[in-house]
Amino acid sequence: MVGTGAFLLMATACAGQDMPTSQPAAGGDSAAPTGSVSTSPSESVLPGSPTANPPGKPRLTVPEGSTPVPPAKIDASALPSGYPHEVWTANGGTILNIRAQEGGCGHALGEATEQAGDHVVVNLSETKAQTGQMCTMDIRYPVISVALAAPLDQRTVVLKTTPPK
């Protein structure tokens with residue numbers, strides 16, 4: 001009886017949440033979720049939000065005014081199969097907005113580790129869950145921002161993954 005009550009309480013609590021269900025299609029393309037998604041009691045992410053996406057803060061939508069980087073200028077060969085490889089520029093090309101992947105209690109991270117004359121290397125990783133913490137088994141595709149020292153211009157973006165931090 002107690003187990004049934006706990007299940008009903010959990011199902012009722014989860015039923016009211018607006019959770020995005022979009023995933024990247026084969027080849028890493030993804031559809032941006034629509035509507036608003038509550039990320040905390042006092043914060044929501046709205047499509048087309050006019051505020052800039054500060055580096056290191058993930059969101060579900062691409063900031064308004066971002067420009068897609070052409071696929072020919074993205075080297076995603078080091079990414080695992082199925083990992084998204086969408087990149088946009090903002091702020092005159094000094095900010096890269098990158099569709100990343102995270103799951104459970106982890107949070108996507110990105111860092112420009114090399115900025116050469118013809119390419120920029122971005123390491124994508126995820127924070128590690130705390131030991132003993134219960135986490136969901138979901139995969140999310142947030143957009144993270146990575147600051148560059150100079151505008152991207154015609155440089156190629158090389159995407160790599162590193163182990164969780």
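The disulfide bond (SG atoms under 2.5 Å apart) pairs that include a residue from residues 75-118 are Cys105-Cys135, where partners are two or more places apart or lie in different chains. Applying the disulfide bond (SG atoms under 2.5 Å apart) test to residues at least two apart or on different chains, none of the pairs has a partner in residues 65-95. Applying the salt bridge (Lys or Arg N to Asp or Glu O under 4.0 Å) test to every pair with at least one member in residues 142-162, sequence neighbours left out, gives no pairs at all.
In this structure, OH on Tyr83 lies 8.5 Å from CG on Leu159, to the nearest 0.5 angstrom. Leu109 contributes atom CG, which lies 8.0 Å from atom OG1 of Thr162 (distance to the nearest 0.5 angstrom). Once rounded to the nearest 0.5 Å, the distance linking CG of Leu124 with NE2 of His85 reads 12.0 Å.
Arg140 meets the salt bridge (Lys or Arg N to Asp or Glu O under 4.0 Å) test with Glu102, Asp138; sequence neighbours excluded. Partners of Ser125 by side chain to side chain donor-acceptor pair (under 3.5 Å), not counting sequence neighbours: none found. Applying the side chain to side chain contact (heavy atoms under 4.5 Å, CB included) test to Thr67 and every residue at least two apart in sequence or in another chain returns Thr89. Not a single side chain to side chain donor-acceptor pair (under 3.5 Å) links Thr161 to another residue, sequence neighbours left out.
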Report, one line per pair, each donor and acceptor closer than 3.5 Å where one atom sits in a side chain of residues 75-82; sequence neighbours left out.
from: Asp75; atom 1: OD1; to: Ser77; atom 2: N; distance (Å): 3.0
from: Asp75; atom 1: OD1; to: Ser77; atom 2: OG; distance (Å): 2.7

Ignoring hydrogens and angles, write down the donor-acceptor pairs under 3.5 Å from the side chains of residues 114-123, residues two or more places apart or on other chains.
from: Glu114; atom 1: OE2; to: His119; atom 2: NE2; distance (Å): 2.7
from: Gln115; atom 1: OE1; to: Ala149; atom 2: N; distance (Å): 2.9

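Proximity of Gln101 to Pro84: side-chain heavy atoms (C-beta onward) are separated by under 4.5 Å at one or more points.
Val143 approaches Pro63 most closely through the heavy-atom pair CG1-CD, 4.4 Å. Of all the heavy atoms in Thr94 and Ala150, the pair that sits closest is CG2-C, 4.2 Å. Between Trp88 and Ser66, the closest heavy-atom pair is CB-CB, 3.8 Å. Of all non-hydrogen atoms in Ala112 and Leu148, the two that sit nearest each other are CB-CD2, 4.1 Å.
Between the side chain of Arg99 and the main chain of Leu60, a donor-acceptor pair closer than 3.5 Å is present.
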